[in-house]
Visitor: 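Below is one structure. I have some questions about it.
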Amino acid sequence: MREFTPDRRVRGGVRIAAHKQTSTRQAIRRGLIPRQLILGLQQHQGSAAIPIVEPGQSVLKGQTIAHSDSLRSADVHASTSGRVRCIEERLIPAAHEVHRSLCIVIDTDGQDQATTTRADWPDDRLERLARIRDAGIVGLGGAVFPTADKLSSHLPCRALIVNAAECEPYISCDDMLMRESAREIVLGAKMLRELLAAEECIIAIEEDKSEAIDAIMQAGRDLEDESIKLAEIPAIYPSGGERQLVELLLGIEVPSTHYPSMHGYICQNVGTVFALQRLVSTGEPLTRRIVTVTGDGIAAPQNVEVLLGTPISELIEFCGGYGNDVSRLVLGGSMMGYALPSDELPITKASNCIIAAASAEVRHDSREWPCIRCGDCGSACPARLLPQELLRAARSRDHPQLSELGLEDCIECGCCDVVCPSHIPLTEEFRRAKYAHARYERQLVFSAESEQRFQRRGQRQQDQARESAEFQDQLKQNLSEDPDARERAIRAAVARARQRREQDEQ
Amino acid sequence: MTSVPVVMRRVLYALLPAAAAHTWYFGTGLVINFCVAAIAAMLAEALVLRLRHRPARQSLSDGSALVTAALLVFAIPPLTPWWVPGFGAAMAMLLAKHLYGGLGRNLFNPAMVGYVILLVSFPVEMTQWIPPRMGDLDYEHLGLLANLNYSFTGRLPAELAIDALTRATPLDTVKEGLRGMRTFSELRAGSLFGDFGGRGWEWINNFIAVGGLYLLYRGTIRWHIPVAVLAGILLPATVLYLLDGNRFPSPGFHLFSGAALLGAFFIATDPVSAAESVRGRLIYGASIGVLTYAIRTWGGYPDGLAFAVLLMNAAVPLIDRYTRPRIYGRS
């Protein structure tokens with residue numbers, strides 16, 4: 001394995017305390033089979049899958065229980081054996097918020113009996129993509145974009161980037177996965193590189209994860225692989241953002257309205273690569289993922305391999321339960337994660353980390369000062385926006401200004417909140433402003449259409465009036481030129497009228 | 001974890017060495033003036049907050065009024081009636097800060113507005129500078145009590161008149177001298193001048209630079225504005241001094257006399273009234289420097305920093321408009 005030197009130093013971003021030591025002290029724990037599974041039919045971006053099982057039906061581990069024909073969707077599989085209890089709407093945690101989704105609830109039987117899987121891996125590219133789609137694999141970094149859809153691009157792939165930066169504080173699931181399954185990850189990266197016919201393949205890891213880096217290097221040596229490069233990137237949040245990573249590694253800025261994949265840069269989270277490799281070697285669909293359970297409010301912080309659909313409460317119990325002081329349950333890292341309303345919600349494909357935060361970990365100093373325009377937020381912004389100007393525009397609902405300042409380009413990473421000496425919750429303001437802004441833009445389109453419709457109508461009326469006036473003029477002119485024409489015209493009109501009357505009578 | 005009060009406190013700490021030097025060279029006037037200005041600023045702020053029905057405690061405790069008072073008193077003569085700093089600080093708060101909506105919303109630097117109002121309202125009091133210690137060997141400074149007595153009652157010890165106590169400042173001396181067809185080297189030899197600037201002034205300015213470096217080190221200010229301001233003064237100063245060293249004072253003199261360093265590190269860096277992007281800050285700072293030099297050299301006032309800062313404050317919205325950084329992924 002060769003080393004890859006990043007093209008650029010990071011612009012913007014912040015160095016923040018990682019809080020990852022407590023959850024990486026012990027190996028990934030496995031073997032939790034919950035009493036009940038709650039499997040949402042929309043754990044991914046795109047359209048929901050459609051259930052193909054009935055309440056009361058027995059299901060086996062790995063069996064498809066909901067399917068979709070759309071490429072931008074993902075199938076759902078039973079994570080263990082049991083019986084379908086019901087199919088009903090429940091709350092499930094998605095990437096950025098809790099939402100309501102149809103769920104298949106399964107009472108588990110503890111047998112963990114697996115369905116037979118196809119172990120062969122096809123040679124045809126389209127067949128491979130179909131298998132990936134049927135395995136329900138989505139981006140496990142948190143965005144849960146259907147992987148088959150992302151891989152199906154016909155554009156030549158300039159670079160495949162395996163995103164193992166894991167820059168968010170508290171989260172360590174990718175780190176632990178690399179330490180324990182480096183070989184599978186390197187194999188998976190090779191497989192993906194071949195599938196995409198990528199010009200190069202780079203595994204990007206933050207420099208502070210030395211054990212993971214060593215493990216991947218060792219696996220590369222063992223496999224005698226020279227096709228994959230390893231990049232140690234600075235531990236500056238949010239270097240693991242897709243656009244930030246492409247810029248950092250290759251010095252390329254992806255236009256703000258495009259996905260990196262539209263320019264031939266495919267990023268895949270390292271957990272996704274591992275899931276793909278497992279599919280290739282054993283035929284196993286996506287039924288489990290690694291989840292970091294951490295925070296000062298948890299008895300034994302650790303990483304657990306969790307069956308999808310496991311209620312968070314059972315996962316916490318598996319980790320020794322809550323400590324004495326828990327003030328908030330957060331899904332995701334401390335920067336982009338969000339507070340959960342309850343621990344009865346299930347783990348989904350998007351859930352990478354559960355933080356049971358003790359009261360000291362939650363920022364209590366909520367006193368806010370006026371913005372003093374210090375500009376620290378602008379220096380920290382990885383999208384190179386001016387958060388202080390955006391804030392002013394957002395609070396005064398100045399929508400044209402918000403468009404100009406690039407509200408839509410905000411990636412909600414939270415760097416500006418961290419550096420703000422006035423403790424202004426900027427990201428929250430921007431998230432809220434985005435909703436209002438989308439409404440404003442719809443309104444703009446609507447009013448533009450209305451205006452156009454009104455103008456066209458006016459134009460049509462004018463045209464009609466002009467045409468009829470021209471006809472009248474023509475008629476008058478004809479009549480004045482030829483005195484007999486008047487007589488002829490009257491006779492022709494009478495004849496036409498008679499003919500019509502006769503037709504009507506018949 | 002930084003916060004607005006922490007930032008303000010750091011600025012005050014950074015001024016302490018210069019304040020000590022100032023007290024050593026000019027007596028206790030600065031301290032008296034600061035106390036008066038601070039009280040006036042706080043009272044004015046409390047009054048406005050009351051009129052605006054805003055909670056007073058948080059705004060009064062953020063330290064921004066103290067910073068304004070501190071910067072103002074560095075700009076006014078140490079021996080002066082109490083109502084000079086009092087009026088200046090109150091005007092800074094009322095006109096420059098709260099008429100625009102309070103902290104974070106003022107277009108102009110409050111301390112400089114206060115100073116300029118004083119300069120145009122009380123030109124006599126504002127030019128009555130006393131010489132620094134060792135600037136004039138026959139000179140003896142007033143003690144704390146005599147200083148207080150003059151500040152609050154206007155009475156001096158029996159045998160003294162105010163005109164006997166005051167001297168022209170180095171900048172004044174040079175400006176008048178050059179106008180009177182004397183050469184810079186001639187003026188430079190006078191007892192008002194030290195090693196590289198005005199005697200006493202040069203050391204106060206050294207300590208101001210130390211405070212500025214402390215702020216840079218703590219990340220409270222960034223280097224762009226100070227460097228741009230100083231470059232804006234030094235570049236034309238060096239070029240013209242090299243062209244005609246008799247008519248134009250040396251760059252060192254420009255740097256260490258007057259408000260160049262205070263302006264570069266403490267006044268132009270006020271984030272509220274400065275430009276926001278890196279490019280904008282370089283333009284803003286350099287313009288202040290060049291304008292300061294121009295006013296000192298060809299204008300009617302011996303120092304031009306306050307006017308330069310206020311002029312550029314007014315230009316900030318325009319600068320910001322045209323120096324917005326390019327957003328990631330947009331052309």
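Computed from a predicted structure; not experimentally measured.
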Visitor: When rounded to the nearest 0.5 angstrom, what distance separates SG in A/Cys374 from CG in B/Asp270?
Guide: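 With rounding to 0.5 Å, SG (A/Cys374) is 11.5 Å from CG (B/Asp270).
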Visitor: Quick check on B/Arg222 against chain A: is it the side chain, the backbone, both or neither that has a heavy atom closer than 4.5 Å?
Guide: side chain
Visitor: Which atoms of A/Arg243 are under 4.5 Å from chain B, going by heavy atoms: the side chain, the backbone, both sets, or neither?
Guide: both
Visitor: Partners of B/His224 by ring-ring contact (aromatic ring centres under 6.0 Å, His included), sequence neighbours excluded?
Guide: none
Visitor: What heavy-atom pair brings B/Glu276 and A/Leu386 nearest, and what distance separates the two atoms?
Guide: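 Shortest heavy-atom separation between B/Glu276 and A/Leu386 comes out as OE2-CD1, 3.6 Å.
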Visitor: Could A/Glu389 and B/Arg321 be called an ion pair, given the rule that one side-chain N must be under 4.0 Å from one carboxylate O?
Guide: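 No salt bridge links A/Glu389 with B/Arg321.
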Visitor: Measure B/Asp320 against the heavy atoms of chain A and call it side chain, backbone, both or neither at under 4.5 Å.
Guide: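 For B/Asp320, the contact with chain A is made by the side chain alone.
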Visitor: Would you indicate whether the side-chain heavy atoms of B/Tyr328 and A/Asp409 approach each other to under 4.5 Å?
Guide: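 Not touching, per the 4.5 Å side-chain cut-off.
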Visitor: What I'd like to find out is whether the side chain of A/Arg373 reaches to under 4.5 Å of the side chain of B/Val316, using heavy atoms alone.
Guide: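 Yes, at least one pair of side-chain atoms sits under 4.5 Å.
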Visitor: Hey, mind stepping through B/Arg330 and A/Glu408 against salt bridge (charged side-chain N to carboxylate O under 4.0 Å, His left out) and telling me if it holds?
Guide: CA-CA 12 Å; B/Arg330 287 209 195 175; A/Glu408 291 306 315; over 6 Å; no
Visitor: If you take all heavy atoms of A/Arg384 and B/Arg326, which pair is closest and at what distance?
Guide: CB-O, 3.7 Å
Visitor: Could you report the tightest heavy-atom contact between B/Val4 and A/Pro370, atom names first, then the distance?
Guide: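 Heavy-atom minimum between the residues: CG2-O, 4.3 Å.
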Visitor: Looking only at non-hydrogen atoms, find the nearest pair between B/Ile327 and A/Leu405 and report the distance.
Guide: CD1-O, 3.4 Å
Visitor: Hey, could you give me the CH2/OG distance between A/Trp369 and B/Ser64, rounded to the nearest 0.5 Å?
Guide: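 With rounding to 0.5 Å, CH2 (A/Trp369) is 11.5 Å from OG (B/Ser64).
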